[in-house]
Amino acid sequence: MLAMDVLVEQPDAVRRAIELKAVDLDLDQLLALHGQVKALLGQVEELRRERNVLSKQTASAADDERAALIERSRQIGGTLKEREPQLRDQQAQLDQLLLLVPNIPGPDEPIGRDDDDNVELRRWGEPPKFTFQARDHVELLELHDWADLERIGQVAGSRTYALKGAMVRLELALWRFAADFMEERGFTLIDLPSFAREAAFIGTGHFPGGREEVYQLDEDLYLSGTAEVGLNYLHSGEILAASDLPIRYAGFSTCFRREAGAAGREMRGLVRVHQFYKVEQYVICAADREESARWFDTLLANGEALVQALELPYRVVRTCTGAMGAGKVRMWDIECWVPSQEVYRETHSVSEIYDWQARRSNLRYRDEDGTVRFAFTLNNTAIATPRILVPLLEVHQQADGTVRVPERLRPYLGDAELLGSPQE
RNA sequence: GGAGGGGUGGCAGAGCGGACGAAUGCGGCGGUCUUGAAAACCGCUGUCGUCUUCGGGCGACCGGGGGUUCGAAUCCCUCCCCCUCCGCCA
């Protein structure tokens, strides 16, 4: 959420953000409501002040004055009994609207409606040119009996998978590789619950907008689609010391997504599934745009270093305003080359949020000069499996169906250079 | 799942209908003293909102929410969290 002051002082900038991010919100209605709330709050506070004065007098009043004082207090109490619920209602309405206000996108980010308007920033690596009939990842998995993608459907429905044998080993290797990588860079590994309360989802901004993307477990518990939900809410309500910052987490969690808006898309294989695993980079830093920008660069560089270590050709894409999500200032994606589809496919997504999430989650710190401020947050994927297996298998496949293991991953796989038995 | 006990300021811990935004101790900050430090002594030390002549005024907050009352940290309802014991369990 944005500070109310920003809405009042820069309504045009906010209006433009609402338009660029295609949010359904009437800012003028919100501002009018804010005016009403302020006026009513003034009235209520004045009434309470009067009552407080009378109360103090009542405590020490002589008996003959007491009855009159109590009577006047009672009248004020009656008026308050009307106004206070009104104030509560209006405040609650205003709070609901405030949750819909998007963050203002960075001035240099591409303007557009959807992913088609994203702008490629750079490419790394060369897409492989196969001299043989290359297989897609599903064919490779079936060839080596590395997964059950059919039968598992009768157990758990569509968009599910069951990895087997070497693929489980490979997945374990990727997690351990990512864990070592992040820890070497000063991130604290944290393995946290995959479910969280509604408040945590509101905190990140996944709610109220994205409810249909999330499995609901209980009246107040939902399965989260990213460790970001838990990590952002972990320090909710705290006032951290400036010396605590930056906080760097490498959050490991099982992630669940309903993929409700993606019916029929990418049904094949491991690209888009309901349950997956992710090591997530998460940073809480001081409220400083330059520092935030440096962390953005760092998180992006970490993501790139990880896919480079996996020897995967990729590109970096700047996500346009319409596709970056309401809370974001910037969102850049790393997309890895998927040979079978001849496209780059998102495997990582770096987000810069400023204090938009921290305001929702009430996540603050005390500056060196004693000022309490909302912190800034950022996040990026480190490794998400099984999606990363798609480019990994396809890019590194050999003519005989085996899959070459990138050197950096070999220590995690008993120094294996190849996975799978040669065919024919 | 059953039975109890608790949630008060950075921490510990009183208060259990009016003088309580809250005793006391610790910690922290400033000062006196000291060559310096420690000790001792003195003062200050929460967050949010709102108004401001920028001195401060006012309102709210004692786990969250609601209620009773002229008045609630204190009484009632409800939810959440933590602890102890029993049962079950990877």
Side-chain angles (χ1 to χ4, degrees), chain A residues 1-9 30-99 191-203 207 216-222 229-230 233-245 247 253-254 287 355-375:
Chain A
M1 105 174 68
L2 293 176
M4 197 62 227
D5 290 351
V6 172
L7 308 201
V8 171
E9 286 160 21
L30 188 158
L31 291 172
L33 185 58
H34 176 246
Q36 284 179 41
V37 166
K38 261 184 88 165
L40 190 54
L41 179 66
Q43 287 177 32
V44 166
E45 288 197 347
E46 176 57 21
L47 288 167
R48 291 206 274 233
R49 189 189 63 77
E50 288 172 27
R51 189 184 60 186
N52 288 346
V53 169
L54 291 171
S55 249
K56 271 212 173 76
Q57 290 172 355
T58 306
S60 57
D63 289 348
D64 54 336
E65 294 169 9
R66 209 179 173 87
L69 287 169
I70 288 178
E71 181 49 35
R72 279 170 60 199
S73 269
R74 188 174 278 158
Q75 281 172 16
I76 292 173
T79 312
L80 275 172
K81 217 148 232 151
E82 274 173 34
R83 302 281 167 84
E84 281 179 332
Q86 280 176 20
L87 179 62
R88 264 204 299 275
D89 288 354
Q90 289 188 10
Q91 185 68 57
Q93 276 181 48
L94 180 61
D95 291 344
Q96 288 304 307
L97 289 177
L98 275 171
L99 290 180
D191 173 355
L192 69 172
S194 294
F195 52 88
R197 295 234 172 92
E198 182 181 52
F201 286 84
I202 289 172
F207 284 7
Q216 183 165 12
L217 286 183
D218 210 321
E219 197 186 330
D220 192 36
L221 284 179
Y222 302 80
V229 176
Y233 211 66
L234 198 57
H235 297 282
S236 167
E238 291 184 44
I239 299 177
L240 300 162
S243 57
D244 294 334
L245 302 181
I247 292 177
S253 74
T254 315
D355 60 3
W356 192 86
Q357 281 181 341
R359 285 180 181 278
R360 292 172 159 245
S361 297
N362 194 24
L363 170 54
R364 296 172 296 173
Y365 72 101
R366 195 182 307 277
D367 213 345
E368 275 86 358
D369 64 10
T371 313
V372 175
R373 299 181 195 282
F374 288 101

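Proteins come first, then strands; the chains are lettered A, B, ... in the order of their sequence lines, and each starts at number 1.
- Comparing the same atom, P, in B:G56 and in B:C44 gives a spacing of 14 Å after rounding to whole Å.
- When all heavy atoms are compared, the tightest approach of A:P85 to A:L80 is CD-O, 3.9 Å.
- Between A:L54 and A:S73 the shortest heavy-atom distance is CB-OG, 3.4 Å.
- Every side chain to side chain donor-acceptor pair (under 3.5 Å) that A:S361 has, sequence neighbours left out, goes to A:N232.
- Here A:R88 reaches the OP1 or OP2 of B:G67: one of its side-chain N or O atoms lies under 4.0 Å away.
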Find every protein N or O atom lying less than 3.5 Å from an N or O atom of nucleotides 88-90 of chain B, and list the pairs.
none

Protein-nucleotides 70-72 of chain B N/O pairs under 3.5 Å:
residue	atom	partner	partner atom	Å
B:C70	OP1	A:R74	NE	3.4
B:C70	OP1	A:R74	NH2	2.4
B:C70	O2'	A:S73	OG	2.9
B:G71	O4'	A:S55	OG	3.0

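- Scanning for side chain to side chain donor-acceptor pair (under 3.5 Å) contacts around A:Q91 gives A:D95, with sequence neighbours left out.
- Annotation: ring pair (Phe, Tyr, Trp, His ring centres under 6.0 Å) contacts of A:F201 (sequence neighbours excluded): A:F207, A:Y222.
- Pairs passing the salt bridge (charged side-chain N to carboxylate O under 4.0 Å, His left out) check and including a residue from residues 49-62 of chain A, sequence neighbours excluded, read A:E46-A:R49.
- Residues passing the side chain to side chain donor-acceptor pair (under 3.5 Å) test with A:H235, sequence neighbours excluded: A:E238, A:Y249.
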Collect all protein-nucleotide pairs involving nucleotides 19-21 of chain B in which both atoms are nitrogen or oxygen and the distance is under 3.5 Å.
none

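- Toward the 5' end of RNA chain B, the nearer of the two residues A:R197 and A:K38, judged by each one's closest nucleotide, is A:K38.
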Practice task
Summarise protein proximity over nucleotides 52-59 of chain B in one line of letters, 5' to 3': B for base, S for sugar-phosphate only, - for none, counting protein heavy atoms closer than 4.0 Å.
Solution key: ------SB
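- At the heavy-atom level, A:L41 lies under 4.0 Å from the strands shown only through sugar-phosphate atoms.
- The side chain to side chain contact (heavy atoms under 4.5 Å, CB included) check on A:D367 picks up A:Y365, A:D369, A:T371, A:R373, with sequence neighbours excluded.
- Closest approach of A:T58 and A:L69 over heavy atoms only: OG1-CB, 3.7 Å.
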Practice task
Using a 3.5 Å limit on both pairing distances, list the dot-bracket string of RNA chain B from the 5' end; Watson-Crick and G-U wobble pairs count, crossing pairs take [ ], interstrand pairs take |.
Solution key: ((((((((.[[[..)..(.....]]]((((((.......))))))((((((....)))))).[[[[[..)....]]]]])))))))....
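- For the side chain to side chain donor-acceptor pair (under 3.5 Å) condition, the pairs that include at least one residue of residues 78-88 of chain A, sequence neighbours left out, are A:Q43-A:R83, A:R48-A:E84.
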